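Here is the structure we will look at, set down as structure tokens.
Predicted model only: the values in this text are computed from it and were never measured. Here is how names work: the chains are called A, B, and so on, in the same order as the sequence lines, proteins then strands, and each is numbered from 1.
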Number of protein chains: 2
Amino acid sequence: MSVNKDEIKFPLFHSYLKRFVDLTDNEWLALEEQLRVRKLPKKQHLIRQGEQAKEIFFLISGSARLYYEKDGDEKTTYFFFENNLVGDYLGCLTSQPSTINIQALEDCELMYFKYETLTKLYEQFPVYQIFGRKLAEYLFMGLDIRLAELLTLTPEERYLKFINTSIKRKILERIPQQYIASYLGITPVSLSRIRRRIATS
Amino acid sequence: MSVNKDEIKFPLFHSYLKRFVDLTDNEWLALEEQLRVRKLPKKQHLIRQGEQAKEIFFLISGSARLYYEKDGDEKTTYFFFENNLVGDYLGCLTSQPSTINIQALEDCELMYFKYETLTKLYEQFPVYQIFGRKLAEYLFMGLDIRLAELLTLTPEERYLKFINTSIKRKILERIPQQYIASYLGITPVSLSRIRRRIATS
DNA sequence: CTGATTTATTAACTTATGTAAAGAATTTTA
DNA sequence: TAAAATTCTTTACATAAGTTAATAAATCAG
């Protein structure tokens with residue numbers, strides 16, 4: 001059995017996987033046949049705290065934010081963009097109710113599979129075991145770097161770093177300011193002041 | 001070939017591994033023969049920023065802190081205690097010069113192996129591939145929870161949570177206050193005030 | 001044991017951020 | 001296109017945290 005490249009159903013996700021591991025046609029097809037698609041309109045939620053995360057999503061287009069909610073107060077801690085995985089990986093790993101919320105910032109086209117599908121693939125194909133390791137390593141690296149930035153940089157330094165990388169990725173104008181403030185660990189008012197300070201110097 | 005339990009050279013590390021995966025005698029021995037021991041006196045460094053991390057350490061006894069240094073200013077972001085891995089995992093993964101410093105808080109007895117040894121074991125034994133995945137997942141989970149605490153809790157709430165868990169683990173009195181303050185993202189002066197606020201309420 | 005060093009607390013002052021509320025600007029949608 | 005809703009900025013005020021320096025307490029080393 002062979003896979004014609006023109007027939008690959010989810011080329012974006014297929015390329016994403018290939019950045020981690022090389023897959024034979026069979027290995028890819030074993031996952032591909034479990035993939036489903038879903039649309040998520042702006043402002044709708046992919047997951048809410050208290051729910052049990054069971055799926056890993058892949059963002060084909062659109063964007064989303066991850067936030068925690070306590071006493072009506074929301075703290076946005078992460079953004080997701082097209083061509084990346086989205087979901088509550090921690091919740092999948094621990095089988096504990098989710099502590100996070102993921103909400104679409106723009107209309108989203110998603111693709112997803114059950115986390116259980118992945119764990120089954122671990123047993124069936126060594127290559128998915130490698131993928132699982134590299135994925136966890138990748139997620140670890142992202143958090144490690146983010147944590148270091150939070151603890152070693154001032155809010156102003158974090159903002160400058162954020163706009164610098166987000167301009168390169170052309171995502172700045174896709175995220176409301178208030179969520180960026182929260183991501184930086186400050187209030188919208190404070191971010192507004194920082195922006196003015198930078199502008200008038 | 002069989003391993004008598006009384007002959008296991010590093011029982012603490014062996015138990016640690018077993019929390020992640022089941023190992024046959026052969027699988028264990030392949031790693032055991034690569035293990036080395038090392039002592040690290042209080043205040044000495046296990047790694048300094050700029051150096052290339054190549055080893056994974058395991059703390060048999062003692063404690064250490066991880067800190068970042070910028071302009072003579074130190075920010076402590078993590079503590080290590082006996083029966084846990086220590087090292088610059090990020091540096092091992094990326095092969096980039098380390099951005100962190102790890103310093104002994106007490107005299108340490110360590111055991112270590114080359115990161116390269118682990119990657120070779122990935123190829124030789126599927127079980128180590130699983131270990132590598134579970135280790136990365138474990139590290140990811142720790143960071144994910146820590147990041148959420150930093151972004152959603154106030155310094156005072158973080159301190160209360162910290163003493164609560166550290167009293168259970170009997171580690172509070174082993175860490176100088178100034179490093180705890182840094183870990184919480186505040187100055188020693190500020191922590192002192194928080195402590196007084198809590199005491200007089 | 002004692003002097004020296006390190007660590008923790010306290011005080012005084014400065015500064016940045018949080019809060020609340022109002023107004024301006026922008027975006028949405030009917 | 002106009003009205004409504006949302007988002008951003010600004011102001012005023014309160015508060016918590018940073019900075020510096022002095023003192024007190026605890027720890028270390030000879």
Name all pairs fulfilling the ring pair (Phe, Tyr, Trp, His ring centres under 6.0 Å) condition that reach into residues 163-185 of chain B, sequence neighbours left out, sorted by first residue then second. B:Phe79-B:Tyr183, B:Phe162-B:Tyr183
Under 4.0 Å from OP1 or OP2 of [N]: is there any side-chain N or O of [X] that close?
X: A:Thr187; N: C:dT17; result: no
X: A:Arg197; N: C:dT17; result: yes
X: A:Arg193; N: C:dT19; result: no

Under 4.0 Å protein heavy-atom contact, by nucleotide of nucleotides 3-9 of chain C - B base, S sugar-phosphate only: ----SSB
Those residues at least two apart in sequence (or on a different chain) that pass ring-ring contact (aromatic ring centres under 6.0 Å, His included) with B:Phe80 are B:Tyr78
Using whole Å, what does the distance between atom [atom2] of nucleotide [N] and atom [atom1] of [X] come to?
X: A:Ile180; N: D:dT9; atom1: CD1; atom2: P; result: 10 Å
X: A:Asp107; N: C:dT27; atom1: CG; atom2: P; result: 17 Å
X: B:Ile194; N: D:dA16; atom1: CD1; atom2: C1'; result: 9 Å
X: A:Leu172; N: D:dC8; atom1: CG; atom2: C1'; result: 14 Å
X: A:Glu74; N: D:dT7; atom1: CD; atom2: C1'; result: 14 Å
X: A:Ile198; N: C:dA16; atom1: CD1; atom2: P; result: 13 Å
X: B:Glu157; N: C:dG18; atom1: CD; atom2: P; result: 14 Å
X: B:Asp73; N: D:dT20; atom1: CG; atom2: P; result: 11 Å

End-to-end axis angle, where each axis spans five pairs of the helix from C:dC1-D:dG30 to C:dA22-D:dT9, to 10°: 50°
Any [X] side-chain heavy atom under 4.5 Å of [Y] side chain:
X: A:Ile8; Y: A:Trp28; result: yes
X: A:Leu12; Y: A:Ser15; result: no
X: A:Arg195; Y: A:Ile198; result: no
X: B:Leu59; Y: B:Leu110; result: yes

Among D:dA17, C:dT17, C:dT10, the nucleotide that comes nearest once only the side chain of B:Arg196 is considered: C:dT10
Side-chain donor or acceptor of A:Asp107 paired with backbone N/O of A:Pro41 under 3.5 Å: no
A:Gln34 side chain to A:Leu31 backbone, donor-acceptor under 3.5 Å: no
Please find the pair of heavy atoms, one from B:Ile56 and one from B:Tyr89, that lie closest to each other, and give the distance. CD1-CD1, 3.6 Å
Would you compute the distance between atom CZ of B:Arg133 and atom OH of B:Tyr122 and round it to the nearest 0.5 angstrom? 11.0 Å
Using atom names, set out every protein N or O paired with an N or O of nucleotides 24-30 of chain D below 3.5 Å, distance rounded to 0.1 Å.
from: D:dC28; atom 1: OP1; to: B:Lys42; atom 2: NZ; distance (Å): 3.1

Which pairs count as salt bridge (charged side-chain N to carboxylate O under 4.0 Å, His left out) when at least one residue sits in residues 33-49 of chain B, sequence neighbours excluded? B:Lys39-B:Glu109
